[in-house]
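All remarks here apply to the structure that follows.
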Number of protein chains: 4
Amino acid sequence: MPEPIGVRRAQAQRTRSGVLAAAAAVFVEQGVQAPVRDIAERAGVGVGTIYRNFPTRADLVTAVYRHQIDTCAALAPQLLAESASPFTALTGWVDAFVEFLVTKHGLGAALGSDDPGLENLHALMLDTLVPACATLLDACAAADEVSPGISAYTLMRAIGNLCITGPDYERADAQRMVATLLAGCRRAA
Amino acid sequence: MPEPIGVRRAQAQRTRSGVLAAAAAVFVEQGVQAPVRDIAERAGVGVGTIYRNFPTRADLVTAVYRHQIDTCAALAPQLLAESASPFTALTGWVDAFVEFLVTKHGLGAALGSDDPGLENLHALMLDTLVPACATLLDACAAADEVSPGISAYTLMRAIGNLCITGPDYERADAQRMVATLLAGCRRAA
Amino acid sequence: MPEPIGVRRAQAQRTRSGVLAAAAAVFVEQGVQAPVRDIAERAGVGVGTIYRNFPTRADLVTAVYRHQIDTCAALAPQLLAESASPFTALTGWVDAFVEFLVTKHGLGAALGSDDPGLENLHALMLDTLVPACATLLDACAAADEVSPGISAYTLMRAIGNLCITGPDYERADAQRMVATLLAGCRRAA
Amino acid sequence: MPEPIGVRRAQAQRTRSGVLAAAAAVFVEQGVQAPVRDIAERAGVGVGTIYRNFPTRADLVTAVYRHQIDTCAALAPQLLAESASPFTALTGWVDAFVEFLVTKHGLGAALGSDDPGLENLHALMLDTLVPACATLLDACAAADEVSPGISAYTLMRAIGNLCITGPDYERADAQRMVATLLAGCRRAA
DNA sequence: CATGAATGAGTTTTCATTCAT
DNA sequence: TATGAATGAAAACTCATTCAT
């Protein structure tokens, strides 16, 4: 009774999705360094399955955040088109980015980490988020709203760092500091 | 003459200093979570010596940074007295703080960590650095140079985070972003 | 057919049994505080396997002795039914208990230990062996063959202690002393 | 200024006594396996001093208990002379022995241990306590008060074991069980 | 393809013991 | 002789990773 290939593939995809959802949840609770076993248990699969689908931890981390990263990137042109000024668009976009970061405990640290295994995530950022942010920054610079000397990458790393929360420095604090940083960018213009 | 205490004490002090130096170096390379054994090897001592002098990792981390923290704190009143304006003093102090942070890779992360073993370091900051910074912030607020809504603690955590460096986000980037953050504080005034 | 579960489970069971056998042997030689690594080596498994199957030392100790403890407990009602007098039944049961103890060097000490990790074993005794012994003691007391003032728990602890053997105080000595203790119980009646 | 030898020797003796007192106290609290450092701290000396005076742990343990052992041994002929019957003398002597054992937590276990380092203590028992006890036992046997088949050594080991106390099996329980054992000896006569 | 038992390297931590002073 | 800093072997425990089924 040879199974139709499509069924298998669909099942495999479901497994993969389950792992991603579990990993996302565990990352929120424990950070991206959480034990593989915890993720496997949460997903209801064996650890082997995790390793099959995501040979390295970075692969898993990357996959977990790829969709949200893409969504975030896509927001840039949309905001630019809708907003009254480029800086307003930038502000809106950064708000969304921050929201993304503070919801995923540990990702900020992951972005700032020099763990060689997290290169993929870095690459993903460089390839999608940085250009998106750069578009906005360039528009702001063109409108003379921010200094042209600030690179999108550096700004995003800074924002990523500011979003590393903890006791006595929580979500709201991170949001305020990022807003302050943006204000500093504008003033520099 | 049961013992020439002075000699022994001097030797012990030398050992202790050697451990501190080794730990500082290893922290720069590997962060404050570096294996105790690595520090012992670098210091040329047994692990037991580390544990004798610094029973917990936090004790070691704290000791490594205590002197510089104290120095940094002492700088605040001095700058306030010398500077043309409170904000200039604040800027100068933050420069020194950043210098301290970027030199000690991993300390920024340590400050932001919720690792229970790092409470001592937290306490040290709260007890010395935060009041020093608060003095400057209060002076700035009194001179209407910054918004009164920014707490010294939050600002320092933010600066600490901004100083988590890595590939493509290095010392100079951190310094620029901190300056931008400060500019944002001023603008808010 | 994602997995032939039965085979795996059987193998796991075999591993578990092997660990139990190895632990039993090592306990005889070194006592229940023997290094985990020694047990792992004797069993031909990694230490991780021990920890997987028996997260705490107490879990392992308990598992090693559970079967024999249950068997011993089950003997009590049987002997009571078969024997000419309650005291004869008690004597027979204590013989079996002693046999159990002297075969497992170190268990007597384990029973007497206040090591918090051995609570499980204590609990196991209290839940199974003590009631079994109490049944016999009560019957003896009812028949006026022993003094009613002796608690089953205390008697078993005493017997456990008497069974801590060593050079110049071996199995036969322990047996004789336990018999003497029992004789003392009877005399008190 | 050459010190008079006698002064030095007296000082050394004082040190030795202090160590013995400290060791006795620590043994009561932690058992004879207590860390050497704890004893040194309690005695207010360095660990080196302990090792100088008592190269092995057994030397220390033995020295700690030697005086009391001697005292206990000396009690035997005295009780035999004073008592109405040999068995009464034996009972009194055993009471004293038990008192000695239950006051020194861990000594009972030490007596029963096959730790090769505790041979000295064993030897001390064999040389002093066993003969003392044997005198009493022999007298009892001669008076037909106990069975002649019980060796003093075995009886003392048994008593030592019965005196290993712990939670739920305390001093009073040990005393009762020892009394029961003695009763058993008598009955056997 | 999925499973999860097994592995063992890596880390922390404790303490007996030594030895320079 | 006394000191106690230093040592390092020993033991516990964790978790990433492999692989037989």
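Just so it is clear, the values below take in all heavy atoms, side chains as well, and ignore hydrogens, waters and symmetry mates. Labels below follow one simple rule: chain letters A, B, ... track the order of the sequence lines, proteins then strands, and each chain is numbered from 1.
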Report the distance from atom [atom1] of [X] to atom [atom2] of [N], rounded to the nearest whole Å.
X      : N       : atom1 : atom2 : result
Q30(A) : dC15(F) : CD    : C1'   : 12 Å
R14(D) : dT1(F)  : CZ    : C1'   : 14 Å
I50(C) : dA6(E)  : CD1   : P     : 10 Å
R52(B) : dT12(E) : CZ    : C1'   : 18 Å
D59(B) : dT13(E) : CG    : C1'   : 14 Å
D38(D) : dA16(E) : CG    : C1'   : 12 Å
Q33(B) : dT11(E) : CD    : P     : 12 Å
I39(D) : dT17(E) : CD1   : C1'   : 14 Å

Pairwise 5' ranking along DNA chain F for G48(B) and V36(A), keeping only the more 5' one: G48(B)
Taking only N and O in the side chain of [X], is any of them less than 4.0 Å away from OP1 or OP2 of [N]?
X      : N       : answer
R37(D) : dA16(E) : no
N53(C) : dA6(E)  : yes
T49(A) : dT3(E)  : yes

Residue matched to dT12(E) through Watson-Crick or wobble contacts both under 3.5 angstrom: dA11(F)
Base-pairing mate for dA20(F) - Watson-Crick or G-U, with both contacts under 3.5 Å: dT3(E)
T56(C) and D59(C) side chains, donor-acceptor separation under 3.5 Å: yes
Donor-acceptor side-chain pairing of Q13(D) and R16(D) below 3.5 angstrom: no
Per A12(B) side chain, nearest of listed nucleotides dA5(F), dT21(E), dT12(E): dA5(F)
Nearest listed nucleotide, side chain of Y51(B), among dT12(E), dT3(F), dA5(F): dT12(E)
Check: R37(A) side chain, G46(A) main-chain N or O, donor-acceptor pair, under 3.5 Å: no
Short side-chain to backbone donor-acceptor contact, N53(D) and T49(D), under 3.5 Å: yes
Sugar-phosphate, base or nothing in reach of G18(B), heavy atoms under 4.0 Å: nothing
Close side-chain approach of T62(B) and F54(B), heavy atoms under 4.5 Å: no
Closest-nucleotide 5' rank along DNA chain E - winner of V47(B) and V45(C): V45(C)
